[in-house]
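The structure under discussion appears below in the form of structure tokens.
What you are looking at is a predicted structure, and each value in this text was computed from that prediction instead of being measured. Note that ligands are numbered from 1 as they come in the structure, with each ligand's atoms numbered from 1 the same way.
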Amino acid sequence: MSPPHFLVIPYPILGHMNPLLQFSQVLAKHGCKITFLITEFNQNRMKNAIENLGTQINFVALPDGLDPEDDRSDQPKVILSLRNTLPSKLHNLIQNINASDGDDSKITCLVISKNMGWALEFGHNLGIKGALMWPASATSLASFESIPTLIHDRIIDPETGLPTRKQEIQLLPNSPMMDTANLPWCSLGKNFFLHMVEDTQSLKFGEWWLCNTTCELEPGALNRWPRFLPIGPLIQSDTTKSSFWREDTTCVDWLDQHPPQSVVYVSFGSLAIVEPNQFKELALGLELLNKPFLWVVRPSTDSNNENNAYPDGFVGSKGKIVEWAPQKKILNHPAIACFVTHCGWNSIIEGLCGGIPFLCWPFFSDQFINRSYICDVWRVGVGLDKDENGVISKGEIRKKVEQVVGNEDMKARSLKLKELTLDNSAEGGQSSKNLQKFINWAKD
Ligand code: UDP
């Protein structure tokens, strides 16, 4: 039987493209054929990185329907444009691929990410199987799936998704209690909520909802619906070939010169923006530590660089600052003592696989639920609290770093959870079996 041919369609931001790329690499390792769709805009921006990603995957590009100067951080605009532009182009693309190399090459299955639910419906109408690869936690996916129930129980408003009153709920059995104001759509506005209601409906055209997670991490969410399939942790043997952005590898040489568990790693992923006041306070907090730090400061998007202005008194001689780090490598480096994170799901899975304790600094979306898992359920980290002015102070940063780094029980739990998590992807592990089940289904 010929191997399945997957057409992988991520929503074109890094937090979706990276996990779908890693998943594609795992599928390719199992002999599957992969065509990976990117937008022409990203193809131009990430040209060098794509060339470095190897030949296992065939990249194809289509326009996103926006003008070159359009603001692609405006998510509702991007979502709408893709939806209007891509279907007809995708139709031609699939026809061309199917016509080009005979039966062995026909697209057998679509794999999409969040915001691209329409593509599953589109594939379904063409008789092509489909699956969702969710780029965040199973719990956050379950929360979107629960929207009709939350509306029915009058917990949220049907028009805005906002809580009808202040309360804590337990969304799923075995999941942490959560403030309804921290439901993942509440920080992203009404239009995003309405889009996700629609997107989640289309996701039902996907036979499987694959998640980069494990049964032990989120049993409540995974036991609830049979279509949830944990296949995590997605790990790549060659981490240099798993990112679309250019990484500054000088920080690995720098880490090599530090003793075990001595460096504080600070990174807030690809989207979160630290306000200028908070940025200064963070810089001063790192300066106060009696430990070296490795800090990822992405180039500022504002033209006068106000966001990234370092305060008076910041020397930074104990630290190393880079614009983008090879994070998976960093989190597996023995010199790392703890990870100050925005609690993005990919970062969390990577931190768990490194056995590193966390300091949680959530910004928006599912990051608040993720913090609860880290601090209250798995107990492998602590949260950073804001002061009365809404700022995480330098004193708080120093205090919590010391608290985490000095906590031997927490370190032991982190190492234990690392082992449990990694076992899933090893031969005979649950995620590894689930992956095989998925590939067999795609072959049928
Ligand atoms: N990342 C990286 N280098 C950095 C910072 C982040 O490679 O300097 C990667 C990180 O390994 C993760 C992704 O960017 O895979 C961030 O995803 P996450 O879900 O944590 O957050 P998002 O960017 O979607 O908010």
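If you look at Ser267 next to ligand 1, the close heavy atoms, those under 4.0 Å, all belong to the side chain. Of the heavy atoms in Val296, only side-chain atoms (C-beta onward) come closer than 4.0 Å to ligand 1.
The protein non-hydrogen atom at the shortest distance from atom 9 (C) of ligand 1 is Trp324 CZ2, 3.7 Å. Scanning all protein heavy atoms for the shortest distance to atom 8 (O) of ligand 1 gives Ala325 N, 2.7 Å. With hydrogens left out, the protein atom closest to atom 24 (O) of ligand 1 is Gly15 CA, 3.6 Å, a heavy atom. Shortest contact from atom 16 (C) of ligand 1 to any protein heavy atom: Ser347 OG, 4.1 Å. Among protein heavy atoms, atom 11 (O) of ligand 1 sits closest to Glu350 OE1, 2.5 Å. Atom 19 (O) of ligand 1 has its closest protein heavy atom at Asn346 ND2, 2.9 Å.
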| Lys329/Glu350 under salt bridge (Lys or Arg N to Asp or Glu O under 4.0 Å): CA gap, chis, key distance, verdict | CA-CA 9 Å; Lys329 217 176 227 171; Glu350 291 157 12; over 6 Å; no
| task | Quick one: do Asp376 and Arg371 satisfy salt bridge (Lys or Arg N to Asp or Glu O under 4.0 Å)? Show the steps, please. | result | CA-CA 8 Å; Asp376 308 331; Arg371 172 188 59 186; over 6 Å; no
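With a 4.5 Å cut-off on side-chain heavy atoms, Thr421 and Leu217 count as touching.
With atom 23 (O) of ligand 1 as the reference point, the heavy atom nearest to it among Ser270, Gly269, Ala272 is part of Ser270.
Atoms of ligand 1 found under 4.0 Å from any heavy atom of Trp345 (numbered from 1 in listed order, with element): 19 (O). Proximity to Gly344 (heavy-atom distance under 4.0 Å) selects the following atoms of ligand 1: 18 (P), 19 (O), 20 (O), 21 (O).
Separating the CH2 atom in Trp378 from the CD1 atom in Ile348 is a distance of 5.5 Å, to the nearest 0.5 Å. Atom CG of Leu271 and atom CD of Gln367 lie 8.5 Å apart (nearest 0.5 Å).
No more than 12 heavy-atom neighbours from other residues, nucleotides or ligands sit within 6.0 angstrom of CZ on Arg246.
In this structure, His342 is part of the shell of residues with a heavy atom less than 4.0 angstrom from ligand 1.
Gln278 places a side-chain N or O within 3.5 Å of a backbone atom of Ile392 that can act as its donor or acceptor partner. With hydrogens and angles disregarded, a donor-acceptor distance shorter than 3.5 Å links the side chain of Asn308 to the backbone of Arg298.
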